[in-house]
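For reference, the structure discussed in these notes is given below.
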Amino acid sequence: MTPPAQKVTPISGFPELLPAERLLELHFLDTVREVFELHGFAPLETRAVEPVERLLGKGGDADKEIYGIRRLAGEDTGRESELGLHFDLTVPFARYVLENAGKLSFPFRRYQVQKVWRGERPQEGRFREFTQADIDVVDVGTLAPHFEAEMPLVIAEAFRRLPVGEFRIQVNNRKVPEGFYLGIGLTDVAGTLRVVDKLAKIGPEKVAAQLVEAGATDEQARQCLALAGIRSEDLSFVDEVRALGVEHPVLDEGLDALAAVIRAGTEQAPGTLVADLSIARGLDYYTGTVYETQVVGNEEWGSVCSGGRYDSLASDGRTTYPGVGISIGLSRLVHLLVTKRGLTASRSTPAAVLVAVVDEDTRARSVAVAAALRARGVPCEVAPSAAKFGKQIRYADRRGIPFVWFPGAGDDGGDQVKDIRSGDQVDADAASWECPAADLRPGVVIPQH
RNA sequence: GUGGGCGUAGCUCAGCUGGUAGAGCAUCGCGUUGUGGUCGCGAGGGUCGCGGGUUCAAGUCCCGUCGCUCACCCCA
């Protein structure tokens with residue numbers, strides 16, 4: 001019996017890709033993973049769920065975005081669900097470190113690529129289920145500041161290998177605005193940061209108005225805006241902040257730390273790191289350096305990679321494990337590159353060769369050819385039916401498979417292989433044929449405009 | 001969570017003041033009895049999101065509901 005027709009609809013915020021898009025995403029994943037491993041980050045995966053209380057209070061407003069889970073058939077105890085899906089990879093990692101501290105060697109560096117879930121309202125490039133690619137370093141008691149410079153530089157290396165175009169990693173240190181605000185007499189640091197953070201979106205006038213509304217004086221609001229307006233690719237931001245004439249020990253601390261990160265950037269990857277004193281975002285647990293990454297020319301996409309330093313996320317009460325990490329929003333990045341820049345994979349299947357079938361009686365010969373090709377690392381598939389060759393070629397064409405193999409097509413009864421893009425067809429032997437390296441795996445197609 | 005927009009073929013959409021549902025693209029077939037892409041001809045495919053109401057008659061008007069989407073919030 002055919003079941004009654006039922007409407008299937010996508011679920012908002014839970015994107016699913018077509019094969020070509022997924023191949024593109026896998027290319028990104030492979031590249032990112034390779035770079036992470038080149039830098040010695042150990043692979044790690046944590047469970048999808050954490051006790052809700054461990055998730056709560058870690059991400060500010062993220063609290064209300066946590067998905068709780070329970071068994072549908074479980075007894076209704078009337079209690080709140082005890083498990084929730086993680087909303088990032090840092091909080092679970094911190095827990096993992098505590099749990100396995102005795103078995104890990106510090107400083108411990110790991111990478112982690114997993115789905116995360118946030119119950120926010122979906123929008124272009126904002127999902128409820130998405131993949132993050134995260135690197136972190138944690139140490140016991142204290143964490144050397146040079147790691148704060150290393151994180152964004154690893155990301156920069158990964159991005160340079162990917163077709164993301166020009167990008168900018170913006171760096172700030174929360175102690176800078178914190179010390180600055182305290183220095184001018186504003187005690188609501190978090191609230192002030194939140195308002196100032198909207199600067200790029202709502203403009204200086206509205207930010208000033210909201211600051212005053214929140215209790216700041218006109219002069220304090222003006223000072224906040226002056227600080228937030230400072231950005232530089234070199235160390236000149238330090239003097240610019242000093243010129244504002246505000247004194248506070250926390251401010252000094254922040255400026256020193258930020259200067260160290262920017263200095264490392266100018267030395268190792270000129271042009272990729274920018275000190276931007278308006279950057280304040282990140283989850284609540286960040287205590288110092290924070291990062292955000294924008295694709296140049298598409299700043300409206302928001303950050304595609306961010307993170308920061310956290311000093312007390314992992315603590316068992318006696319020992320704390322400070323860390324610093326940064327996370328690529330892979331789903332957002334790939335989705336935006338696909339929909340806004342037309343990026344795609346060169347084909348919708350890994351197969352580089354379609355082995356034609358002359359007739360069903362000789363399918364075994366085609367299967368043998370495929371086996372020989374696979375043995376030498378050439379991804380291929382055998383035609384599904386012994387249809388007319390025109391149809392078999394079209395089968396390959398529709399999928400972007402570049403080569404069609406014709407068993408027994410040669411004058412001497414040997415095989416031939418056809419490059420269906422050029423139409424060239426030549427004698428070939430499955431035991432020795434060399435697939436052009438560029439065609440072996442699906443590539444990335446970047447439309448020119 | 002708050003507010004706006006939109007739900008018609010696989011996709012993008014048209015469908016006026018209510019009158020028995022259309023196009024392009026895609027798919028499949030044939031032209032082309034074993035080498036694709038072009039072209040020509042043809043075919044299949046729709047409970048008009050769902051439920052209720054008004055009406056002789058609803059894709060069209062009204063109410064509700066669900067979904068998608070955009071913005072706010074927040075964030076990758």
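In what follows, chains carry the letters A, B, and so on, assigned in the order in which the sequence lines appear, proteins first and then strands, with residues in each chain numbered from 1.
- A:Gln425 comes within 4.0 angstrom of a base, heavy atoms only.
- Between the side chain of A:Arg118 and the base of B:A76 there is at least one donor-acceptor pair of N/O atoms closer than 3.5 Å.
- Distance CD1 (A:Ile393) to P (B:U35): 8 Å, rounded to an integer number of Å.
- Base engagement by A:Lys418 is indicated by at least one non-hydrogen atom pair under 4.0 Å involving a base atom.
- Using a distance-only test at 3.5 Å, with no hydrogens or angles considered, a donor-acceptor pair links the side chain of A:Gln392 to the main chain of A:Ala387.
- Nucleic acid contact for A:Arg121: base, since at least one base atom lies under 4.0 Å from a heavy atom of the residue.
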TODO: Both distances under 3.5 Å, Watson-Crick or G-U wobble: on that basis, could you give the dot-bracket string for RNA chain B, with [ ] for crossing pairs and | for other-strand partners?
DONE: (((((((..((((.....[..)))).(((((.......))))).....(((((..]....))))))))))))....
N/O contacts under 3.5 Å, protein versus nucleotides 65-68 of chain B?
from: B:C68; atom 1: OP1; to: A:Pro10; atom 2: O; distance (Å): 3.4
from: B:C68; atom 1: OP1; to: A:Ser12; atom 2: N; distance (Å): 2.3

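- Shown here are the ring-ring contact (aromatic ring centres under 6.0 Å, His included) partners of A:His335, two or more places apart in sequence or in another chain: A:Phe127.
- Counting non-hydrogen atoms under 4.0 angstrom, A:Val334 reaches nothing in the nucleic acid.
- Comparing A:Cys305 and A:Ser422 by the nucleotide of RNA chain B that holds the closest heavy atom to each, the one mapping nearer the 5' end is A:Ser422.
- Looking at heavy-atom distances under 4.0 Å, A:Ala387 makes contact with a base.
- As judged by a 4.0 angstrom heavy-atom cut-off over every strand, A:Val358 is placed among the base-contacting residues.
- No engagement by A:Tyr395 is indicated, since no non-hydrogen atom pair under 4.0 Å with the nucleic acid exists.
- Residues A:Ile135 and A:Ile326 have side chains in contact (heavy-atom distance under 4.5 Å, counting atoms from C-beta outward).
- Taking the six-membered ring where the residue is Trp, A:Trp405 and A:Trp433 present perpendicular rings, their angle passing 60° and hence far from 30°.
- When every heavy atom of A:Leu153 is checked against every heavy atom of A:Ala269, the shortest pair comes out as CD2-CB, 3.7 Å.
- Note: CZ (A:Arg398) to P (B:G37) measures 9 Å, nearest angstrom.
- Within 4.0 Å of A:Glu120, counting heavy atoms only, lies at least one base atom of the nucleic acid.
- Comparing atom distances between the A:Ser303 side chain and each of B:U35, B:U27, B:A76 picks out B:A76 as nearest.
- When all heavy atoms of A:Val138 and A:Gly323 are compared, the closest pair comes out as CG1-CA, 3.8 Å.
- The minimum heavy-atom distance linking A:Val445 with A:Ser346 is given by the pair CG2-CA, 3.6 Å.
- Salt-bridge formation is detected for the pair A:Asp134/A:Arg110: a Lys NZ or Arg NE/NH1/NH2 atom is positioned less than 4.0 Å from an Asp or Glu carboxylate oxygen.
- A:Gln123 places its CD atom 15 Å from the P atom of B:G1, with the value rounded to the nearest Å.
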